[in-house]
Amino acid sequence: MALTRVHIQPNILRWAVERTGKNIDEYTVENPKYKEWLEGLSDPTFSMAEKFAHKFYVPFGYLFLPNPPEEKLPIPFFRRRGISNQNINIHDVVIEMIDRQDWLSDYLHKNDFDKVAFVGKYHDIRNPEVLAKAIHQELHLPVNWAFSFKTVNDAINHIVQIMEDCGVIVTFNSMVGYNTKRPLSVRECRGFSLIDDYAPFIFINSKDAKGAQMFTLMHEFTHVLLGYSSGIGDLDEVESASELEKLCDKTAALTLVPQDLFANEWTKIPYRYDILTKRFKVSRYVIARRAAEVGYIQKEQMFQLYNKWNEEPLPEKKDGHADFKVLAVRRNSKIFLVHVCNALSNRQILYSDACRMIGLKGDTFERVVKSKVFLK
């Protein structure tokens, strides 16, 4: 009995692979059957096509379209040089966060929670110095707040707790849900924010360096104050970024490295980027950028430092070795899990829907919300 074979257009085959961030040339070398399909030398069997669709997270029916469908993110996607398609992993994470936000916003509204007061409060402000002062005021941060923490991670945890106490949902993850086979590229997504009056969300790529995470956190919080959801992309590498993104970058730099405090510290230890990084809890790049902005070094020197640091090998960062319960809380946000648990207690959400939304099975969900990590 002859096998049933199906024809898939070459442009669909390319689209399916590229949207996962894979290189077509490399994939064809590793998969000779795919190369035959691409070149029209043979067609996949029905079973092969099904497996291909499953592997690349493509709805099976999409394989038989004449042209790839247009998949649009509800927030801007700033493309890196040479990248024509957005990564499906980024797309799915954004949709996952929107799903959570839609539910939480509706839940808070129905239960008479107040709106988060500072969302969009500074909508018309375009002065980064004013916005930086506003962040210190809204989060009740002294100018030298970061100096009192030993590590960047401690400082991040402090800021996240303050933000969540104010109603901002902050999540950290480096993959789609808990799927290690679907990682998020730091170069394509450091983080993003989704604006809502009741439930503003900030997502941070936990694969990024801690100093970079701190900067992204402040960048995205600026978006919350302005009332505009952020775009996605590494702004140092994209072809173009909006003026709004540049404003948020400048504001984050001024917030984390305030002018007068930086001047005082630089005077005591000029050019000591390593020490200044530890004091301000930011990356060396931010310190060099601020030094160039205030005239301590030339821009040419800043770029020379950037190039030098970029050539240094990055330590492999994996969060998979941490306690799973700790990861689960960080990936969902403690305050978000609190609202889900309260909704379950009040029978305002089905147990199956709660598990689906947070990506945990029933027994695992119970272990997480009953753990010391969550209850402390």
Side-chain angles (χ1 to χ4, degrees), residues 127-163 168 170 172 186 190-191 193 202 204-225 230 234-236 245-299 301-310 312 314-315 317:
N127 185 323
E129 293 181 357
V130 173
L131 289 170
K133 290 180 180 178
I135 291 176
H136 282 277
Q137 293 171 0
E138 296 292 350
L139 298 180
H140 305 289
L141 292 174
V143 173
N144 63 345
W145 70 274
F147 287 18
S148 60
F149 293 94
K150 186 175 181 179
T151 67
V152 181
N153 196 53
D154 291 338
I156 289 174
N157 290 339
H158 176 70
I159 291 295
V160 169
Q161 183 175 339
I162 293 175
M163 289 183 180
V168 181
V170 184
F172 293 80
V186 170
R190 291 187 180 276
S193 56
I202 290 177
I204 304 294
N205 191 333
S206 59
K207 197 74 172 179
D208 210 352
K210 288 296 181 180
Q213 288 183 37
M214 175 65 84
F215 188 85
T216 301
L217 190 58
M218 286 304 182
H219 174 105
E220 302 304 341
F221 188 71
T222 305
H223 274 282
V224 174
L225 297 188
S230 71
D234 183 346
L235 298 187
D236 290 332
E245 297 299 327
K246 294 174 184 177
L247 171 64
C248 291
D249 256 6
K250 291 179 181 178
T251 300
L254 282 167
T255 301
L256 293 167
V257 190
Q259 176 65 39
D260 292 341
L261 183 61
F262 181 51
N264 184 58
E265 295 301 311
W266 182 273
T267 299
K268 292 186 290 186
I269 46 171
Y271 307 105
R272 292 302 307 271
Y273 300 99
D274 53 342
I275 298 177
L276 292 168
T277 289
K278 292 178 180 178
R279 290 188 182 178
F280 286 94
K281 307 301 183 292
V282 296
S283 69
R284 294 174 296 179
Y285 298 91
V286 175
I287 296 297
R289 170 180 175 164
R290 292 292 291 120
E293 287 175 345
V294 297
Y296 296 149
I297 63 174
Q298 299 297 317
K299 281 192 176 182
Q301 292 176 277
M302 180 189 75
F303 289 123
Q304 288 173 1
L305 288 169
Y306 279 16
N307 292 332
K308 174 187 173 183
W309 294 332
N310 283 334
E312 296 176 359
L314 293 174
K317 183 181 182 302

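Every heavy atom of this structure was used, including side-chain atoms; hydrogens, water molecules and symmetry mates were not.
K281 places a side-chain N or O within donor-acceptor distance of the main-chain N or O of F149, the cut-off being under 3.5 Å.
Checked for salt-bridge contact, K133 and E129 miss the test: no charged N lies under 4.0 Å from a carboxylate O.
Taking each heavy atom of Y285 and Y306 in turn, the nearest pair found is O-OH, 3.1 Å.
Side chains of I204 and L217 form a contact here, defined as non-hydrogen atoms less than 4.5 Å apart. Taking the side chain as every heavy atom from C-beta outward, F215 and R190 never approach each other to under 4.5 Å. Within the 4.5 Å cutoff, the side chain of V286 has no heavy atoms near those of the F280 side chain. Counting heavy atoms from C-beta on, the side chains of Y273 and L305 come closer than 4.5 Å.
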Show me, pair by pair, the donor-acceptor contacts under 3.5 angstrom made by side chains of residues 255-264, not counting sequence neighbours?
{"from": "T255", "atom 1": "OG1", "to": "T251", "atom 2": "O", "distance (Å)": "2.7"}
{"from": "Q259", "atom 1": "OE1", "to": "R290", "atom 2": "NH2", "distance (Å)": "3.4"}

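Using bins of under 30°, 30° to 60° and over 60° for the plane-to-plane angle, the ring pair H219/H223 lands in the tilted bin.
Shown here are the side chain to side chain contact (heavy atoms under 4.5 Å, CB included) partners of K278, two or more places apart in sequence or in another chain: there are none.
With a 6.0 Å radius and a threshold of 12 heavy atoms from other residues, nucleotides or ligands, K308 has its NZ atom at or below the threshold. Shown here is Q301, whose CD atom has more than 12 heavy atoms of other residues, nucleotides or ligands within 6.0 Å.
Residue pairs meeting the salt bridge (charged side-chain N to carboxylate O under 4.0 Å, His left out) criterion with at least one partner in residues 138-159, sequence neighbours excluded, are K121-E138.
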